[in-house]
Amino acid sequence: MIHRAIVRRSALVIGIGAASVIAACGGGQGAERPPSSAQSGAGTPASGEAPSVSPSAITPSTVDVLLCDGKTKVNVPQGTPGTAIAGQLMAEWMRKNPNSGWEAEERERHTLQPAADNSALVGQVEGQTYGRITPQDVALWKTETERVATAGSRVFHDAGELGSTIGVSCDMCHPHAANTHPETYPKFQAQLGRVALLRDMINWCIEHPVRGKALASDDPRMRAMEAYILAQRKGKTLEYGKH
Amino acid sequence: MDGPKKNPPRVKGVKSVETKHMEERDELYRGLKDLDRRSFLKVSAAAFGAVAGAGIFSPHSFQPVKVAHAQPVTGKVEQFRFAYISDSHLYERSLNDRFINALMRAVDDVNNMNPQPDFVFYGGDLAQLGQAKELEVGAQILKNLKAPVKMMVGEHDWYLDMGDKWRELFGQPTYSFDHKGVHCVVLNSVVEKDFWTARKLTPQQRMQTVAGLDNGVQSPFSVGAEQRKWLENDLKGKPANTPLIVFSHSPLYKLYKNWNFWTDDADEVQAILKRFNNVVVFHGHTHQMLTNRIGNIHFHGFLSTAWPWPYAPEGLPELTVQMSRPDPFNPNDGCGDGSALVHPDGLADKIYNLWNRNPVTVSKNYTASRGTKDKPSVPVRKSY
Ligand SMILES: [Fe+2]
Ligand SMILES: [Fe+2]
């Protein structure tokens, strides 16, 4: 379980043996992908692992190595070291998935407040159904949480993703999500004539300054933007209802 | 040199004779200050051509080259008023008419000023993504101004073609002029270090990066060694009591680096300005009411016509009278234009003409007394 969760972090994992090719790669349960068409984040291949050798090698002197996506394939001479094959596969996969670096790129562009550090919990068993909390668990929580917020940052800064008809994105008025005050929601907005949740105000800004279409509450872009906006106000006291 | 005939007929959308004259003359003088011979010939030939074509002057009017270097200011300094418009961030009209309408509103405001200001200063970021069409539509709208226009460049105008189109429309971004005894300097303070070559960014990607206020890939703004040298030269020999106004797009001090509310070599630029008794810096870029004073230098920000920025989370200067939190339900709130009344001592009353609120005056007495006198009324709702 833990192992699977960790390997899933890097979408690019070279399976060990044909059977595990699929198992190692398909295991994401509820993984937050970047909303929209972009591919999920790609880490580096686990370089130490042996590559899976497909049974369908073409010639005796070369082998086809199949990536866990079941599609990306490279043909290499027999005896090629695993790391070299991994590198080639990675390059091939990157070529086909130009958006794969989205997470690193987004984080370089727009700083994100870090998610809480839970390393103090390592070694404890409480509340866990699958044993002691490992450093990998803690790392996974943080990475996955920050990934959702990063996906939100990407939408927040991109007029196209927001569906703006006038080229306007949220950061134009809210750099680093400043002045979004998520800690004050829910609150009564007289202009809306009711109590608004954060997502109502996000939608209001999408419809008005951004001139786009309101998003459904469970739209991945809405979920991601809520995550980003909340992340950026880390440390602020919750004060629902505050104007 | 004689001025053009007074009160020429005015047609909407067509530049007034005065505006044209001022622009052409400034362009010529600006060009002449580049002492390299090739650009001298180019600029002067262009100016002669334009002027002769307009049938206003014979080309001979422009020939005394030495006049280009302004004499040190002597004699009486007269009070005057200039208007400002800034940070319109225009897209093409077909994509976004809101920002266009906002700039037109500002032009109307200024044209309705009575008496008319001596000139209108444009504070930079005329375009949103530096596109030729964006700059052109901006230039077109600004032509409706009755008073002559002085232009300054902002980062949004520059980083698509590194200023080619902007210079074609408006001339060199660094220049100086004297007005009623006050020496005025205009800088390009948005010089960024090359972050794009190593990353293999296209011009569009470079522009998009700079256009994101919170985009950390870009470099901090600076004036740069070349312009600092130019500035030193420009001010050389001027007595310390020369009233001095400096225009820069970014604030010429270090406020908040993450949003480039910042000029990296601000200390060096301030050192050049230090020997003058009174210096006022007017800047764009921050889209908010912003006041500061460092020694002899008084700083005032311009409002944007397009949108207000939040106040930076840290480093806000003590003298700043914050504007009200903008109401998200009113697209014009927190936006506006304004003017400055420049006094004979060179200090200025800065008027923020907020479109949705009462105008606020930050007087010279307020900054001169370091905030102890003449405090502007405080708005109802501060930002938090
Ligand atoms: Fe701006
Ligand atoms: Fe700017």
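In what follows, chains are A, B, ... by sequence order, proteins preceding strands, each numbered from 1. Basis for what follows: all heavy atoms, side chains included, without hydrogens, waters or symmetry-related copies.
Ranked by heavy-atom pairs under 4.5 Å with chain A, the list B:Val217, B:Leu129, B:Asn215, B:Asn258 is led by B:Asn215. For the set A:Ser169, A:Ala178, A:Cys205, the entry with the most heavy-atom pairs within less than 4.5 Å of chain B is A:Ala178.
For the atom pair SG (A:Cys173) and CG (B:Leu213), the distance works out to 10.5 Å, reported to the nearest 0.5 Å. Within the model, atoms CD of B:Gln218 and CZ of A:Arg109 stand 12.0 Å from one another, a figure rounded to the nearest 0.5 Å.
Judged by distance alone, the side chain of B:Arg98 and the main-chain N or O of A:Pro209 form a donor-acceptor pair under 3.5 Å. A donor-acceptor pair is defined here as one N or O able to donate and one able to accept, closer than 3.5 Å; such a pair exists between the side chain of B:Trp307 and the backbone of A:Met172. The backbone N or O of A:Ile166 lies less than 3.5 Å from no partner atom in the side chain of B:Tyr91, so there is not a single donor-acceptor pair.
Only the side chain of B:Gln128 comes within contact range of chain A, judged by heavy atoms closer than 4.5 Å. Using a 4.5 Å cut-off between heavy atoms, B:Pro331 does not touch chain A at all. Using a 4.5 Å cut-off between heavy atoms, A:His208 contacts chain B through its backbone alone, with no side-chain atom that close. Contact of A:Thr165 with chain B is made through the backbone alone, with heavy-atom distances under 4.5 Å.
The environment of NZ in A:Lys234 is crowded: more than 12 heavy-atom neighbours from other residues, nucleotides or ligands sit within 6.0 Å. A:Lys142 NZ: more than 12 foreign heavy atoms inside a 6.0 Å radius. Heavy-atom neighbours of A:Tyr240 OH from other residues, nucleotides or ligands within 6.0 Å: at or below the threshold of 12.
For the pair B:Pro328/A:Met201, a side-chain contact is recorded, criterion being any heavy-atom separation below 4.5 Å from C-beta on. Side-chain atoms of B:Arg325 and A:His181, non-hydrogen and from C-beta on, do get closer than 4.5 Å to each other.
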Inset, instruction - For the pair A:Leu192 and B:Phe329, evaluate side-chain contact (heavy atoms from CB on, under 4.5 Å) and give the outcome as yes or no after the intermediate values. - result: CA-CA 10 Å; A:Leu192 300 177; B:Phe329 297 91; 3.9 Å; yes
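Annotation: salt bridge (charged side-chain N to carboxylate O under 4.0 Å, His left out) contacts of B:Asp214 (sequence neighbours excluded): none.
With respect to the salt-bridge test (charged N to carboxylate O, under 4.0 angstrom), the residues B:Arg199 and A:Glu108 qualify.
Closest of all the heavy-atom pairs between B:Trp309 and A:Asp171 is CZ3-O, 3.5 Å.
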